[in-house]
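Below is one structure, written out as structure tokens; the observations come after it.
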Amino acid sequence: MKLLLKAVTIASAIVATPALAESWTLAPAGSHLAYGSIKKDTLGEVNSFTGLSGHVTPGGKAEVEIDLSSIETNIDIRNERMIEHVFRKAGTASLTAEFDMAEVSGLSVGETTTVDAQAVLSLSGTDVAFDAEMFVARLTETQVMVSTNDMVFISTEDAGVNAGVDKLMEIASLPGITRTVPVTARLIFNRDEEQAVVAPAPVAVTGDVKAGKKVFRKCSACHKLDEDHHSVGPSLHGIIGATAGQADGFRYSAPLKESGIVWTTETLTTFLTDPRGTIPGNKMQFPGLKKDEDITNLISYLQAEAQG
Ligand code: HEC
């Protein structure tokens with residue numbers, strides 16, 4: 001049964017968005033983790049956990065705790081037997097997961113996607129690795145729903161709970177309980193308010209705007225300054241103060257999109273000096289500007305353009 005718990009990890013992992021440097025908290029209301037079991041080949045039952053809590057750090061590490069004592073089988077004595085024999089009074093199961101958030105971080109409100117997730121569940125010293133396809137929907141700007149896309153099947157043997165299941169059969173004089181358990185999960189995560197990305201106020205640079213306009217010729221083959229006008233590269237409209245990889249309608253590489261960089265004078269200077277070294281794997285085919293002066297002038301020009 002431990003494996004059920006893994007589904008939760010996966011789900012939480014999906015919400016781990018390093019790109020946005022945000023943290024998320026699992027909302028117990030609306031979240032639901034359940035598994036099915038079949039006894040004597042014919043008797044289907046659904047069990048669930050009500051005590052879920054979890055968090056996704058800005059670094060993209062998901063940690064979810066399942067209060068095993070919150071097991072709900074709808075029969076008190078059965079709850080107690082599960083806790084004692086299958087979960088061995090472990091208290092909580094913990095799940096950790098790390099996740100590539102490129103596909104999810106770009107979701108607009110109302111959009112959905114599916115992502116593959118990997119996670120590790122720890123219960124009573126047993127770690128189980130687990131893969132699942134998860135369905136993700138962005139409900140609002142600050143809320144994401146993650147659910148298993150299909151049922152996930154988990155073997156009681158892998159989970160190390162076979163002995164506990166044997167014991168349940170013995171106690172209840174049952175001839176058989178399934179050793180492969182279907183699991184489904186639906187988890188709601190709220191973005192933590194204080195973690196919302198705030199763009200630092202851009203520091204004004206005092207360079208030569210005219211000279212900067214000339215430097216921009218090196219960029220203009222690939223970049224326009226008109227809003228939403230993308231060519232080889234994304235539009236650089238309002239780029240100063242913007243978070244990297246967020247222009248609507250441009251397909252960024254994952255490294256750029258996930259960098260979490262906010263474009264300030266400092267970060268632009270670093271990036272334009274050495275685009276590939278600053279964000280390895282990004283797809284801007286440009287060696288960088290060698291002269292500090294060119295960069296200062298260019299940024300002054302971008303600032304002047306932004307002010308109209
Ligand atoms: C040969 C084409 C090309 C040239 C020349 C070029 N870029 Fe880019 N640039 C790109 C591409 C493509 C991307 C998107 C990279 C990715 O998604 O990995 C990009 C991304 C960027 C970004 C990040 C945009 C965002 O929305 O986060 C900035 C800033 C940028 N370029 C500035 C410049 C500047 C300034 C110059 C000139 C000094 C320049 N680029 C020259 C192609 C180019």
Side-chain angles (χ1 to χ4, degrees), residues 16-22 58-60 99-109 111 113 115 138 141 195-308:
T17 332
L20 302 178
E22 294 164 342
F99 196 79
D100 177 358
M101 280 302 296
E103 296 160 82
V104 177
S105 57
L107 284 184
S108 307
V109 173
E111 279 186 332
T113 190
V115 276
R138 184 143 202 161
E141 205 51 58
Q195 300 283 349
V197 175
V198 178
V203 181
V205 170
T206 46
D208 183 338
V209 174
K210 252 181 149 175
K213 186 172 182 174
K214 268 193 192 162
V215 179
F216 188 72
R217 287 186 198 150
K218 295 186 175 165
C219 322
S220 58
C222 301
H223 292 289
K224 307 293 172 223
L225 288 174
D226 314 320
E227 195 167 1
D228 296 334
H229 185 158
H230 309 309
S231 56
V232 178
S235 157
L236 294 183
H237 179 86
I239 193 69
I240 297 167
T243 301
Q246 302 299 307
D248 274 350
F250 184 81
R251 289 184 70 89
Y252 292 92
S253 66
L256 187 100
K257 201 175 167 96
E258 287 171 32
S259 66
I261 290 175
V262 173
W263 294 122
T264 61
T265 301
E266 287 77 24
T267 56
L268 273 174
T269 303
T270 312
F271 176 67
L272 294 175
T273 306
D274 181 11
R276 275 170 226 169
T278 308
I279 308 175
N282 87 79
K283 61 175 184 181
M284 169 156 137
Q285 299 294 323
F286 184 74
L289 294 169
K290 298 296 156 246
K291 293 188 212 150
D292 288 353
E293 202 189 342
D294 281 355
I295 296 180
T296 308
N297 292 341
L298 174 72
I299 293 173
S300 303
Y301 168 67
L302 292 174
Q303 278 171 352
E305 284 296 298
Q307 282 152 16

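This chain uses plain numbering: 1 for the first residue, then up along the sequence. One-based numbering, in listed order, for ligands and for the atoms of each.
- Proximity of L302 to ligand 1, defined as any heavy-atom pair under 4.0 Å, is not found for any part of the residue.
- For ligand 1, the polar-atom distance check finds no N/O of V215 at less than 3.5 Å from any of the ligand's N/O atoms.
- The protein non-hydrogen atom at the shortest distance from atom 5 (C) of ligand 1 is K218 O, 3.3 Å.
- Taking only nitrogen or oxygen atoms, main chain and side chain alike, R251 does not reach within less than 3.5 Å of ligand 1.
- The contact set between ligand 1 and L236, taken as ligand atoms under 4.0 Å from a residue heavy atom, comprises 28 (C), 29 (C), 30 (C), 32 (C).
- Counting only non-hydrogen atoms, the option in S259, S220, S253, A247 that gets closest to atom 18 (O) of ligand 1 is S253.
- Counting only heavy atoms of the protein, atom 12 (C) of ligand 1 lies nearest to V232 O, 3.3 Å.
- Between the side chain of S231 and the main chain of C222, a donor-acceptor pair closer than 3.5 Å is present.
- To the nearest 0.5 Å, atoms CG (D292) and OG1 (T269) are separated by 8.0 Å.
- Heavy-atom contacts of L289 reach the following atoms of ligand 1: 38 (C) (cutoff under 4.0 Å).
- With a heavy-atom cut-off of 4.0 Å, T243 does not touch ligand 1 at all.
- Counting the atoms of ligand 1 from 1 in the order shown, those under 4.0 Å from a heavy atom of G233 are 10 (C), 11 (C), 12 (C).
- Numbered from 1 in the order shown, with element, the atoms of ligand 1 that lie under 4.0 Å from a heavy atom of A244 read 27 (O).
- In this structure, K224 NZ and C219 SG are separated by 10.5 Å, a value rounded to the nearest 0.5 Å.
- Regarding atom 1 (C) of ligand 1, its nearest protein heavy-atom neighbour is C222 SG, 2.7 Å.
- Judged purely by atom type and a 3.5 angstrom limit, T296 has no side-chain atom pairing as donor or acceptor with the backbone of G207.
- With values rounded to the nearest 0.5 angstrom, I295 atom CD1 is found 5.0 Å from L289 atom CG.
- Shortest contact from atom 36 (C) of ligand 1 to any protein heavy atom: C219 SG, 2.8 Å.
- Of the protein's heavy atoms, P234 CD, 3.5 Å lies nearest to atom 13 (C) of ligand 1.
- The closest approach between A221 and ligand 1 stays at or above 4.0 Å for every heavy atom of the residue.
- Note that NZ of K257 is 6.0 Å distant from CD of Q246, once rounded to the nearest 0.5 Å.
- Protein heavy atom closest to atom 26 (O) of ligand 1, with residue, atom name and distance, is Y252 OH, 2.6 Å.
- For atom 41 (C) of ligand 1, the choice among R217, H223, H230 with the nearest heavy atom turns out to be H223.
- In this structure, L268 is part of the shell of residues with a heavy atom less than 4.0 angstrom from ligand 1.
- Rounded to the nearest 0.5 angstrom, T243 OG1 and W263 CH2 are separated by 10.5 Å.
- Atom numbering of ligand 1 starts at 1 in the shown order; those under 4.0 Å from a heavy atom of N282 are 18 (O).
- With a 4.0 Å heavy-atom cut-off, ligand 1 is reached by the side chain of L272 but not by its N, CA, C or O.
- Ligand 1 lies within reach of F250, whose nearest heavy atom is under 4.0 Å from it.
- Atoms of ligand 1 lying under 4.0 Å from at least one heavy atom of Q285, given by number and element, are 1 (C).
- Smallest separation of non-hydrogen atoms from L256 and S259: O-OG, 2.8 Å.
- Formation of a donor-acceptor pair under 3.5 Å by the D294 side chain with backbone atoms of V215 is not found in this model.
- Contacts of L256 with ligand 1, taken as heavy-atom pairs under 4.0 Å, involve the side chain alone.
- Although no hydrogens or angles enter the test, the distance criterion places a donor-acceptor pair under 3.5 Å between the side chain of H237 and the main chain of L225.
- Residue I240 is tested with L268, V262, T264 for a side-chain contact (heavy atoms from CB on, under 4.5 Å); the sole match is L268.
- Looking from atom 22 (C) of ligand 1 to the surrounding protein, the closest heavy atom is F271 CE2, 3.9 Å.
- For the atom pair CZ (F216) and CG (L236), the distance works out to 5.5 Å, reported to the nearest 0.5 Å.
- Nearest heavy atom pair, residue A221 against residue V232, reads O-CG2, 4.4 Å.
- R138 contributes a side-chain N or O that, together with a main-chain N or O of E141, makes up a donor-acceptor pair within less than 3.5 Å.
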